[in-house]
Amino acid sequence: MKCIKAFLEICKQLLPIVDEIKNSGGSCYLVGGTVRDLVLNRPIKDFDIEVHGLTLEKLEEALKKFGPVKLLGKKFGVLRLYHLDIDWSLPRKDNKGRKPTVEIDPHMTIEQAAQRRDLTMNAMAINLNSLSKNMELYLDPGSESGMTSQDDPSRHPAGAPQDERDSVWQKLGLTIIDPYNGLDALEKKELRAVDTQLFLEDPLRFYRVMQFIGRFEMFPDKQLNDLCSTMSLYDEYTDAPLARERIYEEIKKLFLHSHRPSLGFRWLKDIGRLKELFPELHALVDVPQRKDYHPEGDVFEHTMQALDAAATLDEYQETETKTAVEEKFMIMLGSLCHDLGKATHTDENLHCHGHAEAGVPLAQKLLKRFTRNATLIKAVGKLVKHHMQARLFVKEQAGAKAYKRLANKLAPEVSMRQLALVGLCDLRGRNEHSNDPLTGLANDFDVFMQKAQDA
C-alpha cells in the first residue's frame, strides 16, 4: 500500500492542475511505465501525464497558472512546471522516413496514442480526471471510503483474479485503460509487442526488451522473440547504427534495476544474437573449467552468476570520486568482464595462466561499443587485470608492502575495497545447483580489507 499511498499523495498535489486542464476542455491520462509500476506496486520514479483535447498553447496557458513553464521540445509537445518533476505531453505519432517528423494530434484517442508504445505492459493508461472526486476520502483510512490494509495492491497482484484486482482500483476511483491487454501480459509475465511494424521501426526497442527481461524477470512471447531474433539494429532509412549513448542507457537500466541482469544476456544467447552484439561474452560459451574450482559449468555460466552476484551486493557506498550507484555499475562491469581472457588462455589441462592480463583489451573492446567514458573503461581494465589478487594475497599472507604496491597500481580509478568486491562476486559465481549465485563466502574479503587498512 505504500506505493499506492505515495502515488495518491502526488495526485493530491496535482488535483488543482488536473481540474484546471479539465475546465479548459482537456483530459489528463497517466501513461506508460508509470501505470505499469503502479499495477505491480513498485515505486514510481517517473510521472508521465498525457493531455488530450488541448493544443500545446492551451495546455501551456493552463499550466502557467501554477508557475513558470518549461518547454522541453516544441515538436514533441512536452511541457514541465519548474517545481514539479512531471512531464505533461500531448498525444503524437511519429512519421518515419529520411526526414522523420512528429505529428501532434490533441484529438487522438487514448487507444490510438497507446499504439506507439513498445510493449503492451507500457500501453496502459489511467484517466486522472476521475481522481478529483473524494480524494481526501481515499487518503483517510478512518473514512468509509478510505484505504485499508485490504486495499494493499500487494494483496491483489497482477496475477490475482480480475474482479478482485479491479475492486482495488475502483475503491481508489481509478480505471485502467488497457486496449492491448497489458494486464494479461503482466499476469502471465510475458513481454508482447503492441504493434509489430512500429516495433521494428525503432532498433532501441530491442535493447529495451533486453533490460525489461532483467528488471521484471518477464520473457518475450514467441512473436516478440521471433521479431527480436531477426530485426535489424540499424536505422532502416539512414543505415546508421544506434548511437552508443542510447545503448548505454539501456545497459545501465539492466544493470542497476535488476536482481538478475544475466537474464538479458542469456536471452541474447537463446535467440542467437550474443555473438553479434557481445562477441567477447559469446566466446566464453562452452569454454570448460576445472570442476574442483568451478563446478557451475562453463565460463559463460560462471560470468553470468558473478554478474548477478554483483547486482545483489549490499556493500556499495559513496566515495570521494563516485556515488554508490556509480560504484555499483563499475563493479558489475568488472564482474561481467573479469574472465574474458579465459576464451583465449585456457589450455587442454584447463589451466588459464595469463587470462587476467589477456582480458583487459577484450574488456576495453566490449565497453567501447556502448560508452566513451575513458575513466570507467580504465577502471574496469584494472579490475579485470587484478581481479585474482585479493584472494591470492590472503592465501599467500602477503605483507604490508605488497598491499601498498597493489593500492598504487589501482589508484586513482579503483580502490582496494572495490577490487575485493569483484573478487567476492567471482567467488560467489560458482553455484553448481542452480543459476543463482552463492551467498556468504566473505571471509577472504574481510581479511583482505583488514590487511589493506593496516598496511
Side-chain angles (χ1 to χ4, degrees), residues 3-4 7 27-42 44 46-50 52 89 91-94 105 108-131 151 153-202 204-231 253 263-264 267 271:
C3 296
I4 292 290
F7 161 73
S27 297
C28 296
Y29 294 92
L30 194 68
V31 295
T34 316
V35 182
R36 174 202 68 219
D37 291 343
L38 189 60
V39 171
L40 294 174
N41 197 28
R42 288 175 171 238
I44 297 174
D46 300 309
F47 215 89
D48 295 323
I49 297 176
E50 194 169 85
H52 291 237
S89 62
R92 70 178 193 265
K93 57 183 176 182
D94 305 323
D105 183 357
M108 187 183 297
T109 67
I110 189 64
E111 291 79 12
Q112 290 171 327
Q115 188 177 6
R116 71 179 179 85
R117 301 283 173 178
D118 50 5
L119 302 174
T120 59
M121 70 175 185
N122 297 328
M124 300 182 289
I126 292 175
N127 190 337
L128 295 180
N129 284 26
S130 63
L131 274 172
D151 297 318
S154 66
R155 298 170 62 92
H156 312 276
Q162 185 170 346
D163 56 349
E164 179 183 300
R165 189 185 62 236
D166 288 350
S167 67
V168 177
W169 302 111
Q170 289 168 6
K171 176 105 174 188
L172 296 171
L174 303 173
T175 299
I176 296 179
I177 302 167
D178 184 21
Y180 301 101
N181 297 315
L183 286 173
D184 182 67
L186 287 176
E187 288 178 5
K188 295 176 179 174
K189 298 183 75 66
E190 284 186 347
L191 303 177
R192 305 172 189 164
V194 174
D195 183 298
T196 56
Q197 186 55 47
L198 291 177
F199 187 92
L200 292 173
E201 288 179 355
D202 185 358
L204 186 67
R205 292 181 168 185
F206 176 93
Y207 291 96
R208 283 174 60 78
V209 169
M210 180 185 175
Q211 58 106 340
F212 282 139
I213 289 171
R215 282 173 62 189
F216 297 101
E217 298 187 20
M218 296 172 60
F219 300 91
D221 65 2
K222 184 179 186 306
Q223 182 186 55
L224 184 55
N225 257 343
D226 290 345
L227 284 177
C228 290
S229 65
T230 58
M231 71 182 288
K253 290 175 185 176
L263 293 177
W267 172 70
I271 65 170

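Residues Gly33 and Asn122 approach most closely at CA-OD1, 4.1 Å, considering heavy atoms. For Gln115 against Val194, the heavy-atom pair with the smallest separation is O-CG1, 3.6 Å. Considering all non-hydrogen atoms of both residues, Asn129 and Cys28 come closest at OD1-N, 3.1 Å. In terms of heavy atoms, Lys253 sits closest to Arg208 at NZ-NH1, 4.4 Å. In plain terms, the two heavy atoms of Asp178 and Leu183 that are nearest each other are OD2-N, 3.1 Å. Taking all atoms of both residues into account, the shortest heavy-atom contact from Val35 to Ala125 is CG2-CA, 3.9 Å.
With hydrogens and angles disregarded, a donor-acceptor distance shorter than 3.5 Å links the side chain of Tyr180 to the backbone of Glu111.
Ring geometry for Trp267 versus Phe206: interplanar angle of 30 to 60°, hence tilted.
Between Phe212 and Pro220 there is no side-chain heavy-atom pair separated by less than 4.5 Å. Two residues are said to be in side-chain contact when any heavy atoms from C-beta on lie closer than 4.5 Å; Leu200 and Leu227 meet this criterion. Side-chain contact check for Asn225 versus Lys222: every heavy-atom pair is 4.5 Å or farther apart.
Atoms CD1 and OH, from Ile126 and Tyr29 in turn, are 12.0 Å apart once rounded to the nearest 0.5 Å. Atom OG1 of Thr196 sits about 11.5 Å away from atom CG of Asp226, to the nearest 0.5 Å. Interatomic distance, Ile44 CD1 to Arg36 CZ, rounded to the nearest 0.5 Å: 10.0 Å. For the atom pair Met124 CE and Leu119 CG, the distance stands at 11.0 Å (nearest 0.5 Å). Taken from NE2 in His52 to CE in Met108, the straight-line distance is 8.0 Å, to the nearest 0.5 Å. To the nearest 0.5 angstrom, Leu198 atom CG is 10.5 Å from Arg116 atom CZ.
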Side chain to side chain contact (heavy atoms under 4.5 Å, CB included) between Val31 and Arg117, worked out:
CA-CA 10 Å; Val31 295; Arg117 301 283 173 178; 3.3 Å; yes
(message) Would Thr34 and Phe7 count as a side chain to side chain contact (heavy atoms under 4.5 Å, CB included) here? Give the steps.
(response) CA-CA 10 Å; Thr34 316; Phe7 161 73; 5.6 Å; no
| field | Pair Leu186-Phe216, side chain to side chain contact (heavy atoms under 4.5 Å, CB included): steps then yes or no | value | CA-CA 10 Å; Leu186 287 176; Phe216 297 101; over 6 Å; no
inquiry  = As a quick check of understanding, evaluate side chain to side chain contact (heavy atoms under 4.5 Å, CB included) for Thr175 and Asn127, giving each step before the final call.
reply    = CA-CA 7 Å; Thr175 299; Asn127 190 337; over 6 Å; no
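Here Asp184 pairs with Asn181, Glu187, Lys188, Arg192 under the side chain to side chain contact (heavy atoms under 4.5 Å, CB included) rule; sequence neighbours left out.
A salt bridge does not link Arg205 with Asp118: every distance from a Lys NZ or Arg NE/NH1/NH2 to an Asp or Glu carboxylate oxygen is 4.0 Å or more.
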